[in-house]
Amino acid sequence: MSRSETTPRFAERGRNYWPLTGALVVLLLVASMALGPVLRASSWWWVMAAVSTITLVSAGAFRHLGWARSVVPLAAGGVLLVTLTLFFGNGSGLLWLVPTPGTVEQWGGLAEAGMLSIQQQAVPAVVYPGILFLLAVGAGLLAIALDTVAITLRFPAIAGALILIPVSVPALITKSGTDLAALVLTACAYLLLLRVDVRIRRRSEAATRDRGRAAPRSSGPERRGPGPVWGSLGVGSIAIVSALVLSAATPALSDSSVISNKQTGVLFGSGVSPLIDLGQDLRRPEASLAMHYGTTAEDQPYFKLLTLDSFSEDLEWVAGRGATDITNTMDEFGDPEGLTNAVERDEISTTVQIDTVISSWLPVPYPATSIDGLDGDWQWDDGALTVSSDKSTTQGQSYKVAGLELKPTAEQLRASGTDYPEAIRQYLELPENAPAIIGELAAEETANVANPYDAAIALQRYFRSSAYAYSTEAPVDEGYDGGSLDVIARFLDVKKGYCIHFASAMAVMARTLGIPSRIALGYLPGDSTRDTMEGLPRWNVTTHDLHTWPELYFPGVGWVPFEPTTGRGSIPDYARGVGQASTAPLAPSTNDQANRDAALQDREQNSGGVATAAQVSLLWLQVSLVVLGAVLILLLPFLIRTVGRLQRRRRVASGRASPSLLWRELVDSAVDLGLGVPDTETARHLASRLSASGGLTDAVAAALERLRDAVEHERYARPGAEARHRNEALVDDLDVVLASLRSGVDVRARLRAALLPRSLRPEAFGPGRGRSAAAA
């Protein structure tokens with residue numbers, strides 16, 4: 001067996017790749033920190049850190065033991081499965097480590113729960129076990145991909161493209177984009193990886209020179225020119241600029257409707273984002289048609305999507321107290337909680353056509369009794385009777401809802417009492433550290449009432465008074481956007497906000513008074529049109545009709561909606577606080593009308609008179625920036641080689657470098673084109689081999705000889721001997737030879753040489769494949 005066949009194998013085994021593994025660990029851990037803006041707390045980072053570190057270190061250990069390259073990624077994948085079994089198998093694995101069918105079933109449940117939680121939550125999201133499992137899987141797979149690209153395939157520069165996956169997530173789904181500090185730290189970790197790779201490359205070259213000293217070869221000066229350090233800085237600079245371009249361009253792309261008309265995000269980017277993203281939707285300059293409908297109801301209904309009924313660790317409203325059962329099919333719904341036959345009701349029918357809403361929740365009037373015409377698998381939950389699906393979306397749906405129009409009276413609500421069922425008492429829960437101002441203000445505003453109904457009326461009247469103003473901008477400008485308890489406390493002080501603030505405040509204040517409450521998120525009834533829909537007047541609902549409102553529970557009546565948001569929605573007859581239900585429509589108060597005008601003016605100011613054409617132009621600009629960033633990443637190797645080639649030519653032409661730098665460029669180009677250049681080959685032997693291979697004209701052969709003579713004169717001539725060449729002419733000779741070499745290979749080889757130059761790979765410089773000593 002020849003040396004060229006045996007040396008690479010033992011060189012690969014003996015080469016120390018642990019520094020590269022360490023640099024990859026640092027890079028992945030730092031890049032994971034970029035997910036901070038979309039995830040709450042920090043425990044998730046430690047899990048990702050543990051999984052990624054175990055995976056990368058195991059790959060390094062297998063490589064150190066001399067396992068074949070193709071086996072290392074598979075073995076690391078096995079370690080990842082063992083790690084996931086230990087962390088997320090819940091004891092189902094064999095010896096807690098080896099996955100079993102039960103483990104796979106456990107993982108499937110976690111993955112399904114994680115995806116559903118992702119769809120339901122706004123950012124920053126609470127990291128439930130399902131989401132944590134998905135993060136761990138993603139960290140492990142990304143670790144294997146980084147190890148394979150950076151070490152097995154020896155393309156560490158391309159790792160920058162892979163690491164943009166976690167770094168770009170906040171830019172894709174949040175308005176603020178990727179945190180600048182996280183981006184800078186990731187860029188520094190990336191440069192560290194490139195620098196470590198340079199050190200390993202140099203050590204490999206030095207070891208190669210030491211092994212080949214007995215061979216007939218020439219020696220020259222230490223490496224000059226741009227070198228791997230400048231190449232690393234070039235790669236890092238381009239990668240950082242690309243990341244900044246992506247971060248700057250993508251937030252606006254994800255600034256879509258809360259109930260989106262297109263899927264734009266990777267995580268938490270589609271469907272309903274209940275809190276802050278609701279405000280982003282209301283602040284959109286142009287409203288788009290969300291859906292249209294016709295109904296037999298006497299009063300146009302609100303359309304409910306989901307309910308927010310409990311609190312996260314960060315005191316934020318979250319969804320999902322009701323249970324969803326696959327047997328809860330659309331042909332028959334359960335009875336509304338707490339509703340008795342004493343409440344007057346009418347059977348109604350509502351036909352809905354979805355226009356741009358894409359969500360896993362279905363807009364449905366409350367309470368529905370059945371739904372017909374839906375495509376896909378849908379279920380209703382046992383508590384709020386909301387409709388959702390974990391497999392289907394509302395896109396393009398057309399359906400008919402049979403339901404009830406409830407007509408409770410003020411007398412019924414006032415006499416309902418406080419005998420709440422045990423299952424309803426959970427809607428009284430409040431975090432222990434809720435701001436005191438909420439309960440104090442609630443008690444102050446209801447000091448003269450004697451029952452829950454009058455307390456609810458007092459709260460509604462308080463929020464719709466002249467003390468409060470409707471504004472979608474004030475919460476953003478003053479930093480209290482959202483629906484957490486701390487935000488509510490700030491809202492009660494500033495007294496400016498939009499529906500989520502009014503609804504959240506009334507619901508929480510009701511709980512402090514002992515009234516069960518929750519928040520509904522959905523759509524206002526919209527606006528009437530002159531058109532008809534199945535013989536009924538057609539109503540259009542736009543993205544600006546997205547709304548939240550509180551629902552309070554009254555024994556014998558059930559969940560009853562109220563409307564505290566000043567200037568928005570309409571007050572039902574039972575919520576007017578009178579002894580008898582009025583049959584005349586409620587005329588808006590002077591303050592309500594003023595706030596409606598203020599809300600309209602606020603929305604018009606937000607639009608800023610921006611024309612549709614300008615918005616389209618901005619969108620094209622953003623798309624172009626994203627495409628430009630992607631192209632820059634793909635062209636990194638080409639740009640590095642091109643800049644290096646130009647620098648070498650310029651340095652030699654200006655006399656700042658010797659002709660050996662041109663010979664080094666010749667050898668690199670030959671390697672890029674797939675022409676083998678053994679490490680023991682001298683400049684004279686390489687020139688003779690290229691000339692003997694045929695295809696070189698006399699002029700090209702002469703140029704090649706002049707380059708060879710210049711290198712040999714530099715290295716072997718006596719000190720002080722006059723060189724018989726001009727550097728400028730040698731640069732021209734290099735161009736002539738390189739043009740001839742490129743013409744001698746097919747188009748595929750030329751493209752591969754330009755886009756994926758082999759000379760940038762350290763293993764290309766090893767025995768039998770790398771740069772010759774004569775070129776060093």
Side-chain angles (χ1 to χ4, degrees), residues 1 3-32 48-86 97-98 136-163 165 189-208 210-211 228 232 235 679 756 758 760-770:
M1 185 176 292
R3 178 181 181 274
S4 61
E5 294 175 321
T6 60
T7 302
R9 174 186 173 189
F10 291 107
E12 180 71 14
R13 179 170 180 174
R15 192 171 298 165
N16 183 11
Y17 284 121
W18 282 113
L20 265 182
T21 298
L24 286 176
V25 170
V26 173
L27 177 61
L28 188 49
L29 297 190
V30 172
S32 300
M48 291 185 68
V51 172
S52 56
T53 301
I54 292 173
T55 305
L56 285 170
V57 171
S58 66
F62 296 139
R63 189 176 295 107
H64 184 76
L65 294 174
W67 290 26
R69 292 184 181 183
S70 58
V71 175
V72 170
L74 298 177
V79 172
L80 174 60
L81 292 177
V82 170
T83 305
L84 294 175
T85 303
L86 179 62
L97 297 175
V98 181
V137 172
L141 293 178
L142 185 57
I144 295 174
L146 286 173
D147 182 86
T148 302
V149 170
I151 301 181
T152 301
L153 300 179
R154 301 302 292 121
F155 281 120
I158 306 300
L162 294 175
I163 211 62
I165 295 175
Y190 180 49
L191 291 177
L192 173 65
L193 170 68
L194 297 178
R195 179 56 183 160
V196 170
D197 176 64
V198 168
R199 295 292 298 272
I200 293 178
R201 178 187 302 185
R202 286 181 171 175
R203 291 175 183 173
S204 176
E205 292 178 349
T208 300
D210 292 340
R211 289 194 302 270
S232 299
V235 172
D679 59 349
L756 293 173
R758 300 179 183 180
L760 292 180
R761 299 170 57 182
E763 66 182 29
F765 311 145
R769 296 185 60 188

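The CD1 atom of Ile54 sits 7.5 Å away from the CG atom of Leu86 when rounded to the nearest 0.5 Å.
Taking the side chain to side chain contact (heavy atoms under 4.5 Å, CB included) definition, one finds that Val196 meets it with Pro19, Leu20, Ala23, Leu192, Ile200, sequence neighbours left out. Judged as a side chain to side chain contact (heavy atoms under 4.5 Å, CB included), and not counting sequence neighbours, Leu74 has no contacts. Here Ala68 pairs with Ser70, Val71 under the side chain to side chain contact (heavy atoms under 4.5 Å, CB included) rule; sequence neighbours left out. Applying the side chain to side chain contact (heavy atoms under 4.5 Å, CB included) rule to Val98 yields the partners Leu94; only residues at least two apart in sequence or on another chain are considered.
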Distance-only donor-acceptor hits, side chain of residues 144-151, under 3.5 Å, sequence neighbours excluded:
from   : atom 1 : to     : atom 2 : distance (Å)
Asp147 : OD1    : Arg63  : NH1    : 3.4
Asp147 : OD1    : Arg63  : NH2    : 3.3
Asp147 : OD2    : Arg63  : NH2    : 2.6
Thr148 : OG1    : Ile144 : O      : 2.8

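In terms of heavy atoms, Ala61 sits closest to Trp18 at N-CH2, 3.3 Å. Closest heavy-atom contact between Leu29 and Ser52: CD2-OG, 3.6 Å. Nearest heavy-atom pair, Pro156 versus Tyr190, reported as atom, atom and distance to 0.1 Å: O-CE1, 4.0 Å. Between Leu28 and Ala139, the shortest heavy-atom contact is CD2-O, 3.9 Å.
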- Mind running side-chain contact (heavy atoms from CB on, under 4.5 Å) on Leu97 and Thr85 for me, showing each step along the way? CA-CA 6 Å; Leu97 297 175; Thr85 303; 5.6 Å; no
- Item | CA sep, side-chain torsions, deciding dist, call: Arg154, Asp197, side-chain contact (heavy atoms from CB on, under 4.5 Å) | CA-CA 9 Å; Arg154 301 302 292 121; Asp197 176 64; 2.8 Å; yes
- Task: Step by step, work out the side-chain contact (heavy atoms from CB on, under 4.5 Å) result for Leu141 and Thr55.
- Result: CA-CA 9 Å; Leu141 293 178; Thr55 305; over 6 Å; no
